[in-house]
Student: 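Questions regarding the structure given below will be posed in turn.
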Number of protein chains: 2
Amino acid sequence: MKELVSRCPIEEVMQVLSGRWPTLLIYYLSDGTKRFSDLQRDNPTISHKMLTLELRKLEDAGIVQRTDFDGYPRRVEYDLTPAGLRLVPLIDALGDWWEGVSGGDVLPDVVTVRTT
Amino acid sequence: MKELVSRCPIEEVMQVLSGRWPTLLIYYLSDGTKRFSDLQRDNPTISHKMLTLELRKLEDAGIVQRTDFDGYPRRVEYDLTPAGLRLVPLIDALGDWWEGVSGGDVLPDVVTVRTT
DNA sequence: TCATGGTTACAAAAATGTGCGTAATTTACG
DNA sequence: CGTAAATTACGCACATTTTTGTAACCATGA
């Protein structure tokens, strides 16, 4: 999704939020400040390249704030901006909606087994 | 985004809604029933292959209902399911949120010019 | 020398576009 | 009457584009 085709705000948001990582990163950041390495631990399967790319995209979109501290060891912290915080409930609402749609057949292999 | 990595409903929704087309198609379908060719007209840049693929994905996710009518000329209609209808306001909210974030600098070349 | 948080170039994988073929039915032509 | 052409909504194979992974390298400071 390199370019926009529709002049529609919906397409513009999706350009930022599309993909596996953006919403997950926002979700983890809604916990509070995180370092680069924290986010790597939260999402063990993301490559460091993707992590930097996605964080930059979120930063450019005004959703995430990046702070690079002096000193040792190097420390870079990521937080949600006020706009990012306002986005969180909207993303949560999508998650809740989905749990309603998929009517409980999410995580089929983790379903509680009653042992009577 | 072929597979899920997180057991998180947020990642699951995004697997369905990610990309340029899903939310746009839902948006157009929120207008009411549309035929395949209507959706092609609404989004002139989508290829027929992508249109069928995306519509199938939305159908499988329970967001869109497909009805194939007998007769000539062939007619296939697409509608939002009740779940799809419930999703619409959430998508709209994202669009509104974005218009707030990007603070009016959307559509810079369409900004109203006061002629006073 | 190690740790953190990167960047860059190259390669692999995934998504998307293109063009052709098909099915069912109706209409048009000779 | 027989047959060819048109319409809609696809499916499929192959090619191109875009995204993502991998591995190597860089800077800072203890």
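Below, all heavy atoms of this structure are taken into account, side chains as well, without hydrogens, waters or symmetry copies. Model, not experiment: these values are computed from the prediction.
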Student: Among residues at least two apart in sequence or on other chains, which ones pass side-chain contact (heavy atoms from CB on, under 4.5 Å) with B:Glu54?
Tutor: B:Trp21, B:Pro22, B:Leu25, B:Met50, B:Lys57

Student: I'd like to check the side-chain hydrogen bond (donor to acceptor under 3.5 Å, both in side chains) partners of A:Arg86; sequence neighbours left out, ordered by chain and number.
Tutor: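 Result, side-chain hydrogen bond (donor to acceptor under 3.5 Å, both in side chains) vs A:Arg86: none returned.
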
Student: How would you give the extent of chain B contacts on DNA chain C, as first and last nucleotide 5' to 3' within a 4.0 Å heavy-atom cut-off?
Tutor: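 Extent of the interface on DNA chain C: C:dA14 to C:dT26.
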
Student: Going by salt bridge (Lys or Arg N to Asp or Glu O under 4.0 Å), name the residues that satisfy it together with B:Arg35, two or more places apart in sequence or in a different chain.
Tutor: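 Salt bridge (Lys or Arg N to Asp or Glu O under 4.0 Å) check on B:Arg35 returns nothing, list empty.
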
Student: Listed by chain and number, what are the side-chain hydrogen bond (donor to acceptor under 3.5 Å, both in side chains) partners of B:Asp79, not counting sequence neighbours?
Tutor: B:Thr33

Student: Heavy atoms within less than 4.0 Å of DNA chain C: which residues of residues 61-78 of chain B have one? Give them sorted by number.
Tutor: B:Tyr72

Student: Does any residue of residues 28-37 of chain A have a heavy atom under 4.0 Å from DNA chain C, and if so, which ones, in number order?
Tutor: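 Of all residues in residues 28-37 of chain A, the ones placing a heavy atom under 4.0 Å from DNA chain C are A:Arg35, A:Phe36, A:Ser37.
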
Student: Test of understanding: with side-chain contact (heavy atoms from CB on, under 4.5 Å), list the residues that count as partners of B:Glu59, not counting sequence neighbours.
Tutor: B:Arg56, B:Arg66

Student: Show me the dot-bracket string of DNA chain D, counting Watson-Crick or G-U pairs under 3.5 Å, with | for pairs to another strand and [ ] for crossing ones.
Tutor: ||||||||||||||||||||||||||||||

Student: For A:Thr52, which residues count as a side-chain contact (heavy atoms from CB on, under 4.5 Å) partner, sequence neighbours excluded?
Tutor: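 A:Thr52 satisfies side-chain contact (heavy atoms from CB on, under 4.5 Å) with A:Phe36 only.
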
Student: Could you list where the contact with chain A starts and ends along DNA chain D, reading 5' to 3', using a 4.0 Å heavy-atom cut-off?
Tutor: D:dT18 to D:dA30

Student: Quick check on side chain to side chain contact (heavy atoms under 4.5 Å, CB included): which of B:Leu94, B:Ile10, B:Val16 does A:Leu94 satisfy it with?
Tutor: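 For A:Leu94, the side chain to side chain contact (heavy atoms under 4.5 Å, CB included) test succeeds with only one of B:Leu94, B:Ile10, B:Val16, which is B:Leu94.
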
Student: Between residues 46-59 of chain B and DNA chain C, which residues have a heavy-atom gap below 4.0 Å?
Tutor: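 Going residue by residue through residues 46-59 of chain B, the ones with a heavy atom under 4.0 Å of DNA chain C turn out to be B:Ser47, B:His48, B:Lys49, B:Met50.
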
